[in-house]
Amino acid sequence: MARHHELGKIGEVLARRFLEGKGYKIAESNWRHGRAEIDLICWDGNVLVFVEVKTRSSKLFGHPAAAVTARKEAILIGAAGAYMEQIGHEWEFRFDIISVNRPESLSPEIEHFPDAFYH
């Protein structure tokens with residue numbers, strides 16, 4: 001597995017633990033719809049939350065959350081719509097971003113951006 005894929009998987013595990021620690025209930029990991037993938041789908045109480053996890057080993061090329069482009073948002077929104085249709089969900093939902101900065105020699109920094117894009 002390529003190093004950046006390994007880093008991404010580590011970031012997803014850290015994000016999952018972080019959210020579970022906040023009381024979120026994980027429903028799906030790496031859920032796919034066509035070519036789109038939603039990293040985590042979880043419940044924050046009665047709110048369905050679609051989570052994009054971005055992990056970097058440094059901030060040299062910018063903040064990890066900045067890597068979620070308008071195109072990526074559109075892809076996630078489409079996949080989320082398919083998931084909600086699949087489970088019959090017609091209530092509240094939102095999109096969060098978890099940013100993980102994991103330098104080699106330091107503890108990871110995890111930032112949570114709830115309701116990161118308008119739906």
Side-chain angles (χ1 to χ4, degrees):
M1 182 181 290
R3 187 175 187 285
H4 68 278
H5 288 296
E6 288 176 19
L7 183 64
K9 292 297 175 194
I10 290 168
E12 288 176 12
V13 168
L14 292 169
R16 181 185 187 113
R17 289 179 186 159
F18 175 84
L19 291 171
E20 287 173 334
K22 292 179 78 170
Y24 287 53
K25 303 295 182 217
I26 307 300
E28 304 277 351
S29 295
N30 305 112
W31 187 82
R32 298 192 68 80
H33 176 70
R35 296 177 67 184
E37 180 180 303
I38 301 174
D39 294 327
L40 296 169
I41 302 173
C42 49
W43 293 96
D44 179 13
N46 292 326
V47 179
L48 185 60
V49 184
F50 300 94
V51 182
E52 177 68 9
V53 180
K54 288 298 180 188
T55 308
R56 299 288 182 267
S57 58
S58 79
K59 291 184 181 174
L60 184 63
F61 296 105
H63 194 279
V68 181
T69 63
R71 183 175 187 278
K72 180 67 173 181
E73 284 185 24
I75 290 168
L76 291 171
I77 290 168
Y83 183 80
M84 289 187 295
E85 186 174 318
Q86 177 181 305
I87 67 166
H89 183 76
E90 297 178 357
W91 301 279
E92 192 174 355
F93 66 96
R94 70 172 195 255
F95 297 89
D96 291 5
I97 296 174
I98 297 283
S99 169
V100 180
N101 186 37
R102 189 175 183 273
E104 291 292 326
S105 61
L106 302 172
S107 297
E109 298 171 3
I110 299 173
E111 292 180 86
H112 183 197
F113 301 94
D115 208 9
F117 27 106
Y118 179 76
H119 54 269

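The figures here come from the full heavy-atom set of this structure, side chains too, leaving out hydrogens, waters and symmetry mates. For reference, positions follow the sequence shown, starting with 1. What you are looking at is a predicted structure, and each value in this text was computed from that prediction instead of being measured.
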Would Phe93 and Val68 show up in the same hydrophobic cluster when neighbours are defined by side-chain heavy atoms closer than 4.5 Å? yes
Can you find a pair of side-chain heavy atoms, one from Phe18 and one from Ile98, that are under 4.5 Å apart? yes
CD (Glu90) and CG (Leu48) are apart, to the nearest 0.5 Å, by 12.5 Å
N/O donor-acceptor pair under 3.5 Å between Asp39 side chain and Asn30 backbone: no
When the ring centroid of Trp43 is compared with that of Tyr24, is the distance short of 6.0 Å? no
Please check if atom CZ in Arg17 has more than 12 non-hydrogen atoms from other residues, nucleotides or ligands closer than 6.0 Å. no
Please check if Met84 and Ile77 belong to a single hydrophobic cluster, counting links between Ile, Leu, Val, Met, Phe, Trp and Tyr side chain heavy atoms closer than 4.5 Å. yes
Would you call the rings of Phe95 and Phe117 parallel, tilted or perpendicular, where under 30° means parallel and over 60° means perpendicular? parallel
Where do His89 and Glu92 come nearest, in terms of heavy atoms and distance? NE2-O, 3.0 Å
Return yes when atom CD of Glu85 has more than 12 non-hydrogen atoms of other residues, nucleotides or ligands closer than 6.0 Å, and no otherwise. no
Under a 4.0 Å threshold between the charged nitrogen and the carboxylate oxygen, would Arg16 count as salt-bridged to Glu12? no
One should read off an interatomic distance between Ser107 OG and Leu14 CG, to the nearest 0.5 angstrom, of 10.5 Å
Measure the SG-CG distance between Cys42 and Leu19 for me, rounded to the nearest 0.5 Å. 5.0 Å
Less than 4.5 Å apart, side chain to side chain, heavy atoms only: is that true for Glu52 and Lys72? yes
Taking C-beta and beyond as the side chain, do Lys22 and His112 meet within less than 4.5 Å on heavy atoms? yes
Any non-hydrogen side-chain atom of Arg94 less than 4.5 Å from a side-chain atom of Val47? yes
When hydrophobic residues are tied together by side-chain contacts of less than 4.5 Å, even through go-betweens, does Val13 share a cluster with Ile38? no
Here's a test for you: under side-chain contact (heavy atoms from CB on, under 4.5 Å), which of Leu40, Leu76, Ile97 qualifies with Val51? Leu40
From CA spacing to verdict: side chain to side chain contact (heavy atoms under 4.5 Å, CB included), Lys54, Val100: CA-CA 6 Å; Lys54 288 298 180 188; Val100 180; over 6 Å; no
Side chain to side chain contact (heavy atoms under 4.5 Å, CB included) for Phe50 and Tyr83? Distances and angles first, verdict last. CA-CA 10 Å; Phe50 300 94; Tyr83 183 80; 3.8 Å; yes
